[in-house]
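Just below is one structure, and these are the notes that go with it.
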Amino acid sequence: MKNSSALSEFILLGLSSDPYIQAILFVLLLLIYLLTLMGNFLMLLVITADSNLHTPMYFFLRQLSFLDLCHSSVTAPKMLENMLSESKTIFVESCFAQAFFVFATGGTEACLLAAMAYDRYVAISSPLLYGQVMSNQLCVGLMWFSWGLAFVDALINILLAVNLDFCEEQTIPHFSCELSSLFPLSCSDTSANFTLLLCSSVFHFFGTLVMIVSSYVRIVSTILKVSSTTGRSKAFSTCSSHLTTVILFYSSGFISYLLPTSGSSLEMIFSLQYSVITPMLNPLIYSLKNKEVKAAMARIFRKYFN
């Protein structure tokens, strides 16, 4: 038996042991990661540079782009490195650090999506009071609350996990370190860890989902009262991008966390969507379906390239 202080490395099995498949996956995932960086950096640039987008909605969208950069960068570089490596090892300290940031960025994004849902509710139900209700002070407060709550929650979970003793078995049947994949490797009693992780997950993910659903129930109720078909369509279109992001985030996140850590293909697919693919899709969703973002991009390109 080895405890966590004596154990120096874990082995991440990754997505496949076949060298040919690994080479294909490396090229594909490298491309996805580069597109994620480019797309989210472009969103940050456009929202920051264009004064027309300095509104509460785009304040939260800028935070979402920054979060997607952080979330994908926590797992993707190490995953790509291990595809080119024969050892596929990760230091114990690095593994815990990765688990911490995966938890923290995921929890922050859940809170941020709830704040964005409330923003859409206020914009549709009280358009004349929107600027007053969604003040800069409130937006900044919601942003810091989201980051702070998630980081404190992640820190508590990690501090409890670092005291675990680990057996000789060092292999993690996954491409990244997450708390749920570390607990089965421990020789210690992990019931307290599982309970804390379950409570944190329920609070962050189910709690924020209830807030989002509640906001959208009120949004739909308000829209149905609009007599004009054009007005209804315009109101629904302002929520479509956010709703698409919510569905992608929660569906893949819930399934990847609810499935047992076994290294199955289904688990890997949902984990990849949650940690790598969704951060790439979010900028596309908000740019392709948003006339204001497309207009801002056109203005910036005309300014700097004409």
Side-chain angles (χ1 to χ4, degrees), residues 10 12 63-64 67-68 70-75 95-118 142-164 172-186 188-216 242-243 245-264 266-279 282:
F10 290 118
L12 291 169
Q63 294 300 317
L64 180 64
L67 260 175
D68 284 336
C70 295
H71 191 68
S72 60
S73 296
V74 170
T75 56
C95 191
F96 278 115
Q98 189 179 70
F100 170 81
F101 284 109
V102 166
F103 193 101
T105 53
T108 303
E109 186 155 343
C111 293
L112 188 65
L113 289 174
M116 294 173 75
Y118 177 71
L142 288 172
M143 182 266 291
W144 282 114
F145 178 78
S146 300
W147 280 98
L149 183 65
F151 269 71
V152 168
D153 199 7
L155 184 61
I156 294 171
N157 277 273
I158 288 295
L159 289 178
L160 188 61
V162 295
N163 293 317
L164 294 174
I172 300 174
H174 210 280
F175 59 82
S176 66
C177 292
E178 296 184 13
L179 287 173
S180 57
S181 61
L182 290 175
F183 294 158
L185 304 182
S186 175
S188 307
D189 179 14
T190 58
S191 57
N193 300 81
F194 272 114
T195 302
L196 179 60
L197 182 61
L198 178 62
C199 292
S200 299
S201 300
V202 168
F203 179 78
H204 270 295
F205 294 98
F206 286 98
T208 52
L209 183 60
V210 168
M211 296 179 192
I212 292 170
V213 171
S214 176
S215 294
Y216 272 99
H242 176 258
L243 195 56
T245 301
V246 167
I247 292 171
L248 285 173
F249 178 80
Y250 280 93
S251 60
S252 57
F254 280 149
I255 295 173
S256 64
Y257 273 93
L258 289 175
L259 287 174
T261 306
S262 60
S264 64
L266 186 62
E267 180 195 359
M268 292 294 184
I269 289 171
F270 284 111
S271 294
L272 269 178
Q273 181 186 337
Y274 172 74
S275 59
V276 179
I277 298 175
T278 299
N282 284 343

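Not measured: the values here are computed from a predicted model. The first residue in the sequence is number 1, and the count goes up from there. The figures that follow rest on heavy atoms only: side chains count, while hydrogens, waters and symmetry mates do not.
For Phe194, the ring pair (Phe, Tyr, Trp, His ring centres under 6.0 Å) partners are Phe183, not counting sequence neighbours. Looking at residues two or more places apart in sequence or on another chain, you find a side-chain contact (heavy atoms from CB on, under 4.5 Å) between Leu155 and Phe100, Leu159. Here Ser186 pairs with nothing under the side chain to side chain donor-acceptor pair (under 3.5 Å) rule; sequence neighbours left out. Shown here are the side chain to side chain donor-acceptor pair (under 3.5 Å) partners of Tyr118, two or more places apart in sequence or in another chain: there are none. Legend: residues meeting side-chain contact (heavy atoms from CB on, under 4.5 Å) with Val213, ordered by chain and number and at least two apart, are Leu209, Val217. Phe249 pairs by the side-chain contact (heavy atoms from CB on, under 4.5 Å) definition with Glu109, Ala110, Leu113, Phe205, Tyr274, not counting sequence neighbours. Applying the side chain to side chain donor-acceptor pair (under 3.5 Å) rule to Ser191 yields the partners Asp189; only residues at least two apart in sequence or on another chain are considered. For Ser215, there are no side chain to side chain donor-acceptor pair (under 3.5 Å) partners at least two apart in sequence or on another chain. Cys199 meets the side-chain contact (heavy atoms from CB on, under 4.5 Å) test with Thr195; sequence neighbours excluded. Cys111 pairs by the disulfide bond (SG atoms under 2.5 Å apart) definition with nothing, not counting sequence neighbours.
Across all non-hydrogen atoms, the minimal contact from Thr108 to Ala104 is OG1-O, 2.7 Å. The minimum heavy-atom distance between Ser181 and Ser176, with the atom names listed, is OG-O, 4.1 Å. The two residues Gly106 and His71 make their nearest non-hydrogen contact at N-ND1, 3.9 Å. The minimum heavy-atom distance between Gly107 and Ala150, with the atom names listed, is C-CB, 3.7 Å. In terms of heavy atoms, Ala161 sits closest to Leu179 at CB-CD2, 3.9 Å.
In this structure, the side chains of Cys177 and Ile172 come closer than 4.5 Å at one or more pairs of heavy atoms. Residues Leu182 and Leu164 form no side-chain contact, since every pair of their non-hydrogen atoms from C-beta on lies 4.5 Å or further apart. Looking at heavy atoms from C-beta onward, Phe101 lies out of side-chain contact with Phe96 at the 4.5 angstrom threshold.
To the nearest 0.5 Å, the span separating OG1 on Thr245 from CE on Met116 amounts to 6.5 Å. Atom OG1 of Thr105 sits about 12.0 Å away from atom CG of Leu112, to the nearest 0.5 Å. Atoms OG and CG, from Ser201 and Leu196 in turn, are 9.0 Å apart once rounded to the nearest 0.5 Å. Atom CG of Leu160 is separated from atom OG1 of Thr190 by 10.0 Å, given to the nearest 0.5 angstrom. Atom-to-atom distance recorded for Leu198:CG and Asn193:CG is 12.5 Å, nearest 0.5 angstrom. Taking CD1 of Ile212 as the start and OG1 of Thr208 as the end, the distance is 5.5 Å to the nearest 0.5 Å.
Residue pairs that meet the side chain to side chain donor-acceptor pair (under 3.5 Å) test with at least one member in residues 145-156, sequence neighbours left out, are Asp153-Asn157, Asp153-Ser200, Asp153-His204.
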Could you go through the ring-ring contact (aromatic ring centres under 6.0 Å, His included) check for His242 and Tyr216 one step at a time?
CA-CA 11 Å; His242 176 258; Tyr216 272 99; 5.8 Å; yes
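A distance-only check finds no donor-acceptor pair linking the side chain of Ser214 to the backbone of Val210 [under 3.5 Å].
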